[in-house]
Amino acid sequence: MEEKEEGVNLNWTLPVSSVQELVRQRQPDAVPPRYLRDDIVMAGHHRELSQGLPRIDLGKLMDPPSRSTELCNLHSACRQWGLFLLVNHGVLDEGMRMMKENVQGFFDLPHHEKQKSAQKPGSLEGYGQAFVTSHDQKLQWNDMIFLKCHPAHARNLDLWPKNPPEFRIALEKYSEDMRKLAAEVVKYIGMALGIHEGELDLLTKSFGEGKYEVRMNYYPACPEPERAIGLLPHADISGITLLTECGNIPGLQVLSKDNCWVTVPPVPGGIVVNLGQIMEVYSNGTYRAPDHRAVVNKEKERVSIATFCYPSPSLPVGPSPQLLAATGLPPIYQTLSNSGEFLQCFLSHKLDDAVPFIDTLKLQTPNRCVRPFHLLLVL
Ligand code: OGA
Ligand code: NI
């Protein structure tokens with residue numbers, strides 16, 4: 001899987017200067033033109049929730065007497081939202097605190113120090129920005145450092161910051177904690193879906209031995225928050241994503257089933273879980289990989305840590321055979337041999353993403369492997 005991915009040509013990602021530096025040096029009182037995205041921020045509806053987003057208690061899932069009720073809650077959370085707040089997750093405070101401090105500490109360093117971990121041409125890994133493909137492309141109000149963590153041989157340690165001095169230890173520990181947690185969470189998501197025995201073991205094991213990438217996001221305070229976007233709306237490509245907030249500043253929003261942006265408030269000690277497209281495919285569309293985005297804040301910077309969790313190549317990426325058998329429904333999506341192939345297709349698709357990637361895997365679409373029709377007309 002790793003070989004395949006390294007073969008992907010990402011030379012179309014261009015380096016962009018840091019937003020944090022822009023704010024530090026110029027302290028603009030207006031959003032510079034390249035960052036203007038009022039079209040996105042103001043589009044669509046925004047809604048406050050009367051009842052709050054679903055909260056899932058891992059302790060209750062692990063404890064047989066409370067399991068079945070909590071599995072029902074998990075099932076409905078994955079169907080309705082594809083996102084929930086995980087509490088009582090068992091990850092020790094000490095590891096979480098150390099990771100948060102070191103990520104904040106990294107972004108607080110002078111620019112030249114962070115540049116030691118800068119992305120290399122043609123790669124997303126390291127310190128920089130994601131998916132910038134042209135010199136006039138609009139930009140997001142976000143800097144990031146993106147690092148591969150598991151399996152250990154996939155690490156590019158030359159990009160792992162040496163400063164703050166405990167950064168590497170913190171990331172190693174944190175990503176190990178997230179790997180264990182993800183395997184556990186995926187097991188219960190599988191159970192909520194009705195998967196059992198051999199297939200459930202395969203699912204859980206594939207996440208236990210899977211691929212883990214950590215994206216640390218820095219969103220500087222923004223003079224006109226309604227005119228710039230921290231992260232554009234997207235659905236993650238992962239199996240699941242585990243998101244930790246480093247402070248108490250809201251920014252994450254999730255798209256509800258009725259197309260409203262809903263703010264996901266930070267909850268100290270909680271971890272936000274959102275399903276990625278691999279789980280949407282695995283659940284044959286029963287569960288959602290929700291669109292989400294990050295908005296920015298006028299007064300305060302915001303730092304978040306997203307861990308993208310992928311199954312190992314032992315798991316084919318397609319609708320669950322047990323689920324199809326139990327429901328008698330036809331598969332909505334095609335099956336790819338593993339998550340490496342899934343990612344490969346996703347990255348090629350990035351070049352012309354006029355249709356959502358997951359739709360290109362739909363079996364009903366006759367010409368799913370060709371370019372969208374309107375692009376054929378102009379090329
Ligand atoms: C991501 C992401 C949200 C956030 O990194 O994919 O959705 O709140 N982050 O930073
Ligand atoms: Ni995301």
Side-chain angles (χ1 to χ4, degrees), residues 13 19-20 37 40-41 46 53 78 81-86 96 99-100 103-104 106-107 119 124-132 139-149 171 174-175 178 182 211-222 225 228-256 261-268 270-280 287-297 300-310 342-343 346-347 350 353 356-358:
T13 62
V19 200
Q20 187 180 10
R37 286 322 297 255
I40 303 268
V41 186
H46 182 243
L53 287 159
C78 293
W81 292 99
L83 176 145
F84 52 89
L85 179 77
L86 186 70
M96 298 284 277
M99 180 66 182
K100 292 180 194 182
V103 173
Q104 181 74 55
F106 172 76
F107 285 113
Q119 290 167 335
L124 285 179
E125 200 174 359
Y127 171 63
Q129 271 82 18
F131 293 124
V132 179
L139 299 175
Q140 306 175 83
W141 200 261
N142 164 285
D143 292 341
M144 65 156 192
I145 175 163
F146 179 70
L147 296 169
K148 296 181 185 175
C149 294
L171 179 57
Y174 179 81
S175 59
M178 293 302 111
K211 189 173 80 152
Y212 289 79
E213 298 174 342
V214 178
R215 175 179 171 154
M216 293 146 269
N217 292 297
Y218 182 88
Y219 306 96
C222 177
I229 188 89
L231 267 192
L232 285 167
H234 64 283
D236 292 344
I237 191 71
S238 57
I240 62 169
T241 302
L242 303 173
L243 188 96
T244 299
E245 303 269 357
C246 290
N248 247 332
I249 312 295
L252 176 63
Q253 294 184 336
V254 62
L255 195 63
S256 67
W261 288 108
V262 172
T263 298
V264 182
V267 172
I271 293 179
V272 175
V273 180
N274 72 265
L275 271 57
Q277 298 184 43
I278 290 178
M279 284 311 282
E280 178 163 337
Y287 292 165
R288 303 176 67 209
D291 276 349
H292 54 284
R293 66 181 192 178
V295 295
V296 291
N297 184 282
K300 293 260 171 54
E301 64 186 15
R302 173 170 172 260
V303 178
S304 70
I305 307 168
T307 306
F308 303 107
C309 318
Y310 297 88
F342 193 78
L343 236 72
F346 169 74
L347 289 170
K350 263 279 163 200
D353 55 1
F357 169 63
I358 200 162

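The structure presented is a predicted model; accordingly, all values stated were derived computationally and were not measured. Just so you know, ligand 1 is whichever comes first in the structure, and atom 1 is the first atom listed for that ligand.
For the pair P225/V296, a side-chain contact is recorded, criterion being any heavy-atom separation below 4.5 Å from C-beta on. In this structure, the side chains of V303 and K100 stay at 4.5 Å or more apart for every pair of heavy atoms. For the pair H46/T263, a side-chain contact is recorded, criterion being any heavy-atom separation below 4.5 Å from C-beta on. Inter-residue side-chain proximity for K148 and E125 is flagged as met; some heavy-atom pair is nearer than 4.5 Å. Residues D291 and W261 form a side-chain contact, since some pair of their non-hydrogen atoms from C-beta on lies under 4.5 Å apart.
L252 pairs in a side chain to side chain contact (heavy atoms under 4.5 Å, CB included) with only one of the listed residues (L243, V262, N274, N217), which is L243.
Closest heavy-atom contact between E245 and I249: OE1-O, 3.8 Å.
Below 30°, between 30° and 60°, or above 60°: for Y127 and F107 the angle between ring planes is between 30° and 60°, a tilted geometry.
Protein N, O or S atom count below 2.8 Å of the Ni ion (ligand 2): the structure gives 3.
Within 4.0 Å of ligand 1, the residues that place a heavy atom are R215, N217, Y219, L231, H234, D236, L243, L252, H292, R302, S304, A306, F308, listed by chain and number.
Using a 3.5 Å distance cut-off with no hydrogens or angles, the side chains of D236 and Q277 do not pair a donor with an acceptor.
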